[in-house]
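Heads up: the structure comes next, in structure tokens.
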Amino acid sequence: MTAFFIPGVGPDRLERAYETIRRRVQADTGAVPRPRRIFKLHSRRDGSDCETVVGKPDPVESERVIAILDSGEHYAILCDSQAVEGAATLVSKHVYAVTEFDG
């Protein structure tokens, strides 16, 4: 299992950075993200089955994934460039599997 992390963020800034990401996704989606911390998402995107993993390149966007959040009707995937500008990528709630970080 994997302990919670955000790529490029040290442990002393982790919670503050995560709250910033949550607020960003809320602004993008209009929904308050659920508290679960998602490490991996198995889904069908752009006609292909794929695995999206925090810290690895997104299979569709080709950029490093920094967070995956459950925003109610969708999963929100935030990659490096989206952290600065642009909206999070939204994935339908119809996914194959979700893996959360450990505790």
Hydrophobic cluster membership, Y75 vs F4, 4.5 Å side-chain cutoff: yes
V95-V60 co-clustered via ILVMFWY side chain contacts under 4.5 Å: no
Side chains of H42 and E51 in contact at under 4.5 Å (non-hydrogen atoms): yes
same_hphob_cluster(Y18, L14) at 4.5 Å side-chain heavy-atom cutoff: yes
Interatomic spacing from CZ in R64 to CG in D80 - rounded to 0.5 Å: 4.0 Å
Within 6.0 angstrom of D49 CG, more than 12 heavy atoms from elsewhere: yes
V53 vs V65, side chain to side chain contact (heavy atoms under 4.5 Å, CB included): CA-CA, chis, key distance, verdict: CA-CA 7 Å; V53 182; V65 175; over 6 Å; no
Exercise: do R45 and T52 side chains pair donor with acceptor under 3.5 Å: yes
Distance in Å, I66 CD1 paired with I68 CD1, rounded so as to fall on 0.5 Å steps: 11.0 Å
Electrostatic pair R22:E19 at N-O distance under 4.0 angstrom: yes
Side chain to side chain contact (heavy atoms under 4.5 Å, CB included) between K40 and T2, intermediate numbers included: CA-CA 10 Å; K40 191 183 319 182; T2 304; over 6 Å; no
In one Ile/Leu/Val/Met/Phe/Trp/Tyr side-chain cluster, 4.5 Å: F39, V9: yes
E15 atom CD: more than 12 heavy-atom contacts under 6.0 Å: yes
Distance in Å, R34 CZ paired with S71 OG, rounded so as to fall on 0.5 Å steps: 8.5 Å
Heavy-atom neighbours of R13 CZ exceed 12 at 6.0 Å: no
4.5 Å side-chain heavy-atom contact, D58 and I77: yes
Steps toward side chain to side chain contact (heavy atoms under 4.5 Å, CB included) verdict (E61, T89): CA-CA 9 Å; E61 304 293 329; T89 300; 3.6 Å; yes
L78 and L69: CA distance, side-chain angles, deciding distance, side chain to side chain contact (heavy atoms under 4.5 Å, CB included) verdict: CA-CA 8 Å; L78 200 63; L69 287 91; 5.6 Å; no
Approximate separation, where rounding is to 0.5 Å, of F101 CZ and I6 CD1: 8.0 Å
Nearest non-hydrogen partners of P7 and G55, listed with the distance: CG-CA, 3.6 Å
